[in-house]
Structure formats: C-alpha cells, structure tokens
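Take a look at the structure set out below.
Everything numeric in this text was worked out from a predicted model, so none of it was measured. For this chain, numbers begin at 1 and follow the sequence in order.
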Amino acid sequence: QVQLVESGGGLVQAGGSLRLSCATSGRTFSNYAMGWFRQAPGKEREFVAAISGTAGRTYYADSIKGRFTISRDSAKNTVYLQMNSLKPEDTAVYYCAARGGPLVKTKQNEYDYWGQGTQVTVSS
C-alpha cells in the first residue's frame with residue numbers, strides 16, 4: 001500500500017507561484033511513476049504532469065507546459081509541482097497519484113494510488 005499526502009495549496013494572485021508537495025510512504029518510491037492531476041469546479045479531472053521512476057523523465061499537459069515543473073526527491077520520497085505564472089484557470093483541486101510501474105502515463109485509470117487533494121485558487 002502507498003499513502004500520498006499533498007500540501008502546499010492556497011490562494012495566490014494571478015502571475016504568482018506555488019509549490020505543491022506530495023509525500024509518499026509505503027513501498028519503494030523509485031519504482032513508481034508519479035503524476036499530478038487537477039479538477040476544476042464542474043469539470044472532469046485532467047492530467048497535469050508526470051515523472052517516471054528512476055529515469056526521471058517528465059511529461060506535461062500543453063496547458064501548463066513552460067509554467068509548471070514536476071520533480072522528485074528520492075531521499076525524501078516526495079514529488080513536487082512547481083507552478084509559476086499562475087492563471088485563474090489553474091484554479092482547481094490538485095491531486096497527486098502513483099502508479100505501480102516506472103513509465104510515465106497520462107490517464108487516471110493508469111494510476112493506482114491517490115492523495116486527498118489540495119486546493120489551489122488563483123485570483124485575477
């Protein structure tokens with residue numbers, strides 16, 4: 001079993017930055033690809049970014065490419081999402097997810113474990 005706990009959400013003005021963290025516990029962190037998804041009010045949950053296991057390859061949704069950066073710290077069993085140049089349309093609940101394999105995936109049903117989510121609100 002893998003437990004995921006997100007933190008770092010909050011209220012920020014447009015153009016500002018936030019860094020989300022996802023602390024993991026359970027099995028070997030480096031064996032898991034990690035992803036971030038988000039769900040805005042009235043919308044379906046969507047893929048944001050993912051990072052592979054040991055190779056650290058990254059993949060981003062077009063809507064956030066160049067503004068968000070996903071990274072992982074194996075020593076701390078933590079994955080991060082650095083969000084810069086935030087826009088009001090980035091407002092959503094952000095979820096961390098882990099999949100039982102090292103390859104990057106972008107679909108929700110390819111992830112096995114989920115955190116509880118953290119709210120990000122960007123004011124205009």
Side-chain angles (χ1 to χ4, degrees):
Q1 189 71 16
V2 176
Q3 291 81 42
L4 308 175
V5 179
E6 302 101 332
S7 61
L11 173 64
V12 64
Q13 289 188 335
S17 298
L18 282 174
R19 188 177 79 158
L20 305 183
S21 300
C22 175
T24 71
S25 61
R27 298 185 179 177
T28 307
F29 179 66
S30 61
N31 291 345
Y32 286 78
M34 303 294 296
W36 286 97
F37 291 77
R38 69 185 181 184
Q39 187 167 19
K43 295 187 178 181
E44 294 185 354
R45 192 176 300 186
E46 64 176 2
F47 169 78
V48 175
I51 187 165
S52 65
T54 55
R57 292 191 177 97
T58 58
Y59 189 79
Y60 298 96
D62 288 341
S63 60
I64 57 87
K65 200 173 293 183
R67 299 189 295 122
F68 292 9
T69 302
I70 188 171
S71 61
R72 62 193 299 159
D73 184 336
S74 295
K76 297 182 178 180
N77 286 356
T78 300
V79 63
Y80 303 99
L81 185 68
Q82 178 66 44
M83 305 186 295
N84 299 328
S85 302
L86 283 162
K87 304 175 181 180
E89 51 263 43
D90 294 318
T91 295
V93 177
Y94 283 71
Y95 297 91
C96 174
R99 65 179 304 271
L103 300 179
V104 167
K105 299 292 183 181
T106 63
K107 296 181 180 179
Q108 296 182 57
N109 60 8
E110 294 172 310
Y111 286 80
D112 304 298
Y113 305 99
W114 292 83
Q116 82 288 352
T118 186
Q119 176 70 47
V120 171
T121 302
V122 184
S123 63
S124 58

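Side-chain contact, Gln13 with Ser123: no donor N or O sits under 3.5 Å from an acceptor N or O. Neither side chain, Thr24 nor Asn77, offers a donor N or O lying under 3.5 Å from an acceptor on the other.
Nearest heavy-atom pair across Ala14 and Ser124 is CB-CA, 4.4 Å. Shortest non-hydrogen contact noted between Cys96 and Val79 is SG-CG1, 3.8 Å. The nearest pair of heavy atoms linking Thr106 to Glu110 is N-OE1, 3.6 Å. Nearest heavy-atom pair, Tyr94 versus Glu6, reported as atom, atom and distance to 0.1 Å: O-OE2, 3.9 Å. Heavy-atom minimum distance, Val104 versus Ser52: CG2-N, 3.4 Å. Nearest heavy atoms, Val48 versus Phe68: CG1-CD2, 3.8 Å.
Connection of Val2 to Ile51 is established within a shared hydrophobic cluster, with ILVMFWY side chains joined at heavy-atom distances below 4.5 Å, either directly or through further cluster members. Residues Trp114 and Leu81 are members of separate hydrophobic clusters, defined by side-chain heavy-atom contacts under 4.5 angstrom among Ile, Leu, Val, Met, Phe, Trp and Tyr. Phe37 and Leu20 fall into different hydrophobic clusters, where Ile, Leu, Val, Met, Phe, Trp and Tyr residues are linked whenever their side-chain heavy atoms come under 4.5 Å apart, directly or through other members. Residues Leu4 and Tyr95 do not share a hydrophobic cluster, defined by chaining ILVMFWY side chains whose heavy atoms lie under 4.5 Å apart.
Between Ser63 and Lys87 there is no side-chain heavy-atom pair separated by less than 4.5 Å. Side-chain contact between Thr58 and Tyr60 is present, with at least one heavy-atom pair separated by less than 4.5 Å. A 4.5 Å side-chain heavy-atom check between Asp90 and Arg67 finds at least one atom pair inside the cut-off. Using a 4.5 Å heavy-atom cutoff, the side chains of Glu46 and Gln39 are not in contact. Using a 4.5 Å heavy-atom threshold, the side chains of Tyr111 and Met34 count as separate. A heavy-atom distance below 4.5 Å is found between the side chains of Thr91 and Gln119. Between Thr78 and Arg72 the shortest side-chain heavy-atom distance does not fall below 4.5 Å.
Taking the six-membered ring where tryptophan is involved, the planes of Phe47 and Tyr59 are tilted, since the angle between them lies from 30° to 60°.
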- Message: One pair to check against side-chain contact (heavy atoms from CB on, under 4.5 Å): Asp73 and Tyr80. What are the steps and the verdict?
- Response: CA-CA 8 Å; Asp73 184 336; Tyr80 303 99; 3.9 Å; yes
- Message: The test is side-chain contact (heavy atoms from CB on, under 4.5 Å); show your working for Thr121 and Val12 and say whether it passes.
- Response: CA-CA 6 Å; Thr121 302; Val12 64; over 6 Å; no
- Message: As a quick check of understanding, evaluate side-chain contact (heavy atoms from CB on, under 4.5 Å) for Arg19 and Met83, giving each step before the final call.
- Response: CA-CA 6 Å; Arg19 188 177 79 158; Met83 305 186 295; over 6 Å; no
- Task: Check the pair Gln82 / Ser17 against side-chain contact (heavy atoms from CB on, under 4.5 Å), numbers first and verdict last.
- Result: CA-CA 7 Å; Gln82 178 66 44; Ser17 298; 4.0 Å; yes
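Shown here is Lys107, whose NZ atom has no more than 12 heavy atoms of other residues, nucleotides or ligands within 6.0 Å. The neighbour count for Glu44 CD, taken as heavy atoms of other residues, nucleotides or ligands under 6.0 Å away, does not exceed 12.
To the nearest 0.5 angstrom, Thr69 atom OG1 is 6.5 Å from Asn84 atom CG.
Between the Arg99 side chain and the Asp112 main chain, no donor and acceptor come within less than 3.5 Å of each other. Panel note: side chain Thr118, backbone Gly9; a donor-acceptor pair is recorded below 3.5 Å.
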